[in-house]
**Student:** 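Could you have a look at this structure, given as structure tokens, before my questions?
Small disclaimer: the values here were computed from a predicted structure and weren't measured.
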Amino acid sequence: MKSSEELRNLLRKIDHRGYPAYKEVKGSYDFVSYMLSVDHVQGDPFASPSKVSIHVKGAKAGFPAGYYAKACMRTALQDYILRQFSARIAKVSFQAKGSGKSGLMAVSRCGQEVLARSACEISERTGDVVVRMEVGFPANGRTVNSGELIKIFFDFMPGCVKGALFYASLNQKDVERTVFLAEDQQYLRDALPGMGLAAFVANGSVLPRESGISGKPMKDAVRFCSPESMEVSVTLPHCGEIRGMGIRKGVTLIVGGGYHGKSTLLKALELGVYHHINGDGREFVITDDTAVKLRAEDGRSIKNVDISMFIRNLPNGKDTKSFQTEDASGSTSQAANVVEAMEAGARLFLIDEDTSATNFMIRDELMQRVVNRDAEPIIPFIDRIRELYERYGISTVLVAGSCGSYFHKADCIVQMNRYEPFEITELAKKEAAEFPMPNDGIEPAKEPGFARIVKENRAFCQNDRIKIKTTGRDTISIDRDAIDLRYVEQLADGEQLNLLGLLMKYAGRNLFDGKRSVVQIVDALWDMLEKKGYAAVCQGSLVPCNLASVRKQEIFACVNRWRGIRL
């Protein structure tokens, strides 16, 4: 390792030379209280920025060991540090001048959810802090402007590092609040099964968001207040007793007029699989972390999925026990999504009538009289919803605005009225008794087959130049193959797609061997991430600064939507 003065001298030496001279800067430099590492140097000022990392020894960073011993608290602390560092970096980005991306200083921008990210990691054992970021090395045209890079490394960077990466420099009460909140959230999440709950929404929560493109809480919104009949309490380690609405395992129906908050509640539950930052309003909206949001997905690719519990006896004779299509309909796509979520280990389904295929969800009595059941290949979800819970232990929370038949199937019915919830189970059941459902006579479903073996793709394995590109939260491109994730609605951040892309690349090269099933492949990827972290999936190359953690359910979703996969 070289000293910081050696870095300064080297930069002065290469000033005004051709841009490739910056390659000489690659390496590690001692800045006494931290180490600066130039991990990758961009090829020219218009290329992707250079990759830089900052390393602070645990003894110097000084964070209490109890704050990073537990995974939930460590993730929250990393998130807090990253937000502090990002705020400081934003103030000095582009203050160094030049052509192209000269002067750019960028690090992950965190949303309302608390995610483990490669941009900031703390060692569980030593407390060492690593922050990864991008820096646009300054240039005049295509020649080195090292004077401006000296400003970045010696004037701008030290203040950002000192203000964000050392415990003594931070608001210690805020740090404590952050990690204690994470411990409380995890305690509540772990307590849900023992309380018989699929989800919990704390009294006082702010569920509406600022706008359709903002995850921030709406100002002056109606605060959530549980119906008395559904209110439960739990005593947390730090904030003590909290009360709120407990959504019990089973079938819960959310009804109400348009714009009264049904979908807002469901959206909060969707993202309740993640912890949220203090001040978000949904800090204690906690959902079973295996929950999967299901919807229709016209046009998606389906690979040999057993959808026979919902669709069978197709007029074209197509096998629904191993159904395959490159252009699924609304009903077949939603059927596949249900079965794939079962395969992924979901214990809770979240469904909004507005984004579902009508013929998949329900067939009313009049339609059944006109079109005989024998002529209809779809067994609607309403005929399986009780079986899913009673046989497979999978609960459902369903938002319904027009389909009253689900009153017969629900254990609990909640009406949203001006963003306030009211439990109306008894009333709804009484009214439903006036409209009895026909005796369906549906046979129990056969256990779906999950042993889908992924075939080897030798061309993929032998390709040393596989390119991965992501577009927001929508698409992963692996060479010319696009994986459409627009409707995987629980992906909260574009950086999650960056990790999924690397996982797919790793799986394609190392796990698609013609012997492993989809379940075995996802389990192997998950175990590798848990034990070895991001470095394992990068296969010896540089760990990028823009990866965010995902759940196992999203890895399944990505594999299942990869059109290039061979099953």
Side-chain angles (χ1 to χ4, degrees), residues 1-15 19 21-42 45 47-63 78-110 117-122 128-140 144-170 542-546:
M1 185 192 302
K2 297 178 182 178
S3 70
S4 58
E5 280 308 306
E6 287 178 287
L7 172 61
R8 192 195 298 267
N9 293 335
L10 176 57
L11 289 172
R12 286 170 175 164
K13 177 183 174 183
I14 64 174
D15 197 22
Y19 201 84
Y22 268 136
K23 297 287 184 183
E24 297 178 31
V25 176
K26 187 176 178 181
S28 299
Y29 303 91
D30 185 4
F31 277 69
V32 184
S33 60
Y34 64 93
M35 182 188 78
L36 174 71
S37 177
V38 179
D39 302 312
H40 170 77
V41 177
Q42 63 203 91
S48 296
S50 301
K51 307 300 185 286
V52 171
S53 56
I54 297 151
H55 305 250
V56 182
K57 289 290 185 183
K60 292 180 178 178
F63 292 96
Q78 290 167 175
D79 178 85
Y80 179 84
I81 291 170
L82 189 56
R83 290 173 193 271
Q84 297 298 313
F85 188 72
S86 177
R88 287 166 171 77
I89 285 293
K91 293 177 182 178
V92 294
S93 184
F94 288 115
Q95 285 195 16
K97 306 301 181 183
S99 52
K101 294 184 174 66
S102 294
L104 170 69
M105 298 175 71
V107 71
S108 294
R109 292 183 178 180
C110 306
R117 298 176 188 267
S118 60
C120 182
E121 294 187 272
I122 299 174
D128 292 357
V129 179
V130 178
V131 170
R132 300 182 179 94
M133 63 179 297
E134 293 182 328
V135 176
F137 283 11
N140 291 322
V144 167
N145 185 345
S146 61
E148 294 297 288
L149 188 54
I150 288 172
K151 284 184 185 178
I152 291 174
F153 284 158
F154 291 88
D155 296 340
F156 305 151
M157 191 81 76
C160 297
V161 172
K162 182 180 178 181
L165 273 57
F166 295 89
Y167 181 59
S169 302
L170 294 167
L542 181 68
V543 175
C545 60
N546 60 351

**Student:** So, taking the atom named CG in Leu36 and the one named OG in Ser28, what distance separates them when rounded to the nearest 0.5 Å?
**Tutor:**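 Reported to 0.5 Å precision, the distance equals 8.0 Å.
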
**Student:** Which atom names give the shortest non-hydrogen contact between Val129 and Cys120, and what distance separates them?
**Tutor:**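 Of all heavy-atom pairs spanning Val129 and Cys120, the closest is CG1-SG, 4.4 Å.
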
**Student:** Hey, mind stepping through Ser4 and Phe154 against side-chain contact (heavy atoms from CB on, under 4.5 Å) and telling me if it holds?
**Tutor:** CA-CA 9 Å; Ser4 58; Phe154 291 88; 4.0 Å; yes

**Student:** Just jot down the side chain to side chain contact (heavy atoms under 4.5 Å, CB included) partners of Asp30, sequence neighbours excluded, or say none.
**Tutor:**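 Asp30 satisfies side chain to side chain contact (heavy atoms under 4.5 Å, CB included) with Met1 only.
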
**Student:** Answer yes or no: is there a donor N or O on one side and an acceptor on the other, between the side chain of Ser108 and the main chain of Asn546, under 3.5 Å?
**Tutor:**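 No; judged by distance alone, with no hydrogens or angles, the pair does not exist.
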
**Student:** If every non-hydrogen atom of Glu134 is compared with every non-hydrogen atom of Pro49, which pair is closest and at what distance?
**Tutor:**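 Shortest heavy-atom contact: CB-CB, 3.8 Å.
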
**Student:** Is there a side-chain contact between Leu82 and Val107 (heavy atoms, below 4.5 Å)?
**Tutor:**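 Sidechains of Val107 and Leu82: in contact.
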
**Student:** Please name the pair of heavy atoms, one in Lys97 and one in Phe94, separated by the smallest distance, quoted to 0.1 Å.
**Tutor:**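 Taking every non-hydrogen atom into account, NZ-O, 3.1 Å.
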
**Student:** Answer yes when Arg132 and Glu121 have at least one side-chain N-carboxylate O distance shorter than 4.0 Å, and no when they do not.
**Tutor:**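 Yes.
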
**Student:** What distance do Gln84 atom CD and Cys160 atom SG have between them, rounded to the nearest 0.5 Å?
**Tutor:**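 Rounded to the nearest 0.5 Å, the CD-SG separation comes to 11.5 Å.
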
**Student:** Taking the side chain as everything from C-beta on, heavy atoms only, tell me whether Asp155 gets closer than 4.5 Å to Val92.
**Tutor:**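 No, every pair of side-chain atoms sits at 4.5 Å or beyond.
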
**Student:** Which distance, rounded to the nearest 0.5 Å, do you find between the CG of Leu170 and the NZ of Lys162?
**Tutor:**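 Interatomic distance, Leu170 CG to Lys162 NZ, rounded to 0.5 Å: 12.0 Å.
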
**Student:** Quick check: are there more than 12 heavy atoms from other residues, nucleotides or ligands sitting under 6.0 Å from NZ of Lys57?
**Tutor:**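 It does not: Lys57 NZ has 12 such atoms or fewer within range.
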
**Student:** Just jot down the side chain to side chain donor-acceptor pair (under 3.5 Å) partners of His40, sequence neighbours excluded, or say none.
**Tutor:**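 Testing His40 for side chain to side chain donor-acceptor pair (under 3.5 Å), a comparison that skips the adjacent residues, returns none.
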
**Student:** Using side-chain contact (heavy atoms from CB on, under 4.5 Å), reason through Ser37 and His55 one step at a time and then give a plain yes or no.
**Tutor:** CA-CA 8 Å; Ser37 177; His55 305 250; 4.0 Å; yes

**Student:** Within a strict 4.5 Å, meaning less than it, do heavy atoms of the Tyr19 and Pro45 side chains meet?
**Tutor:**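 In short, these two side chains touch, coming nearer than 4.5 Å.
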
**Student:** Minimum heavy-atom separation for Leu165 to Ala61, with atom names?
**Tutor:**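 Where Leu165 meets Ala61 most closely, the heavy atoms are O-CB, 3.7 Å.
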
**Student:** Between atom OG of Ser146 and atom CD1 of Ile150, what is the distance when rounded to the nearest 0.5 Å?
**Tutor:**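 Going from OG on Ser146 over to CD1 on Ile150, the span is 5.0 Å.
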
**Student:** Checking Lys51 against Val135 for the side-chain contact (heavy atoms from CB on, under 4.5 Å) test, could you report, in this order, the C-alpha distance in whole Å, the side-chain angles of both residues, the deciding distance, and whether it holds?
**Tutor:** CA-CA 6 Å; Lys51 307 300 185 286; Val135 176; over 6 Å; no

**Student:** May I ask you to decide if the ring planes of Tyr34 and Phe31 are parallel, tilted or perpendicular, using 30° and 60° as cut-offs?
**Tutor:**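 It falls in the parallel class, under 30°.
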
**Student:** Quick check: do Leu149 and Tyr22 have side-chain heavy atoms less than 4.5 Å from each other?
**Tutor:**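 Yes, at least one pair of side-chain atoms sits under 4.5 Å.
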
**Student:** Do the non-hydrogen side-chain atoms of Ile54 and Met35 ever get within less than 4.5 Å of each other?
**Tutor:**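 Of all side-chain heavy-atom pairs linking Met35 with Ile54, none is under 4.5 Å.
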
**Student:** Where do Gln42 and Gly136 come nearest, in terms of heavy atoms and distance?
**Tutor:**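 It is OE1-CA, 3.6 Å.
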
**Student:** Can you give me the closest heavy-atom contact between Ala139 and Ser102, atom names plus distance?
**Tutor:**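 Of all heavy-atom pairs spanning Ala139 and Ser102, the closest is N-OG, 2.9 Å.
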
**Student:** Take the angle between the ring planes of Phe153 and Phe137 and call it parallel below 30°, perpendicular above 60°, tilted in between.
**Tutor:**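 Perpendicular, since the angle between the ring planes exceeds 60°.
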
**Student:** For Gln95 and Lys151, what are the C-alpha separation, side-chain angles and deciding distance, and is it a side-chain contact (heavy atoms from CB on, under 4.5 Å)?
**Tutor:** CA-CA 9 Å; Gln95 285 195 16; Lys151 284 184 185 178; over 6 Å; no

**Student:** Using the test side chain to side chain contact (heavy atoms under 4.5 Å, CB included), find all partners of Ala96 that sit at least two apart in sequence or belong to another chain.
**Tutor:**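 So Ala96 forms a side chain to side chain contact (heavy atoms under 4.5 Å, CB included) with Pro138, Glu148, Ile152, Phe156.
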
**Student:** Contact between Arg83 and Asp79 at the side-chain level, heavy atoms closer than 4.5 Å - yes or no?
**Tutor:**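 Side-chain contact under 4.5 Å: yes.
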
**Student:** When rounded to the nearest 0.5 angstrom, what distance separates CE in Met157 from CZ in Arg88?
**Tutor:**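 Rounded to the nearest 0.5 Å, the CE-CZ separation comes to 14.0 Å.
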
**Student:** Working to the nearest 0.5 Å, report the span between CG of Asn145 and CG of Asn140.
**Tutor:**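 The distance works out to 4.0 Å.
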
**Student:** Return yes if some donor-acceptor pair links the side-chain N/O of Ser93 with the main-chain N/O of Met105 below 3.5 Å, else return no.
**Tutor:**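 Side chain of Ser93 to backbone of Met105: a pair is present.
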
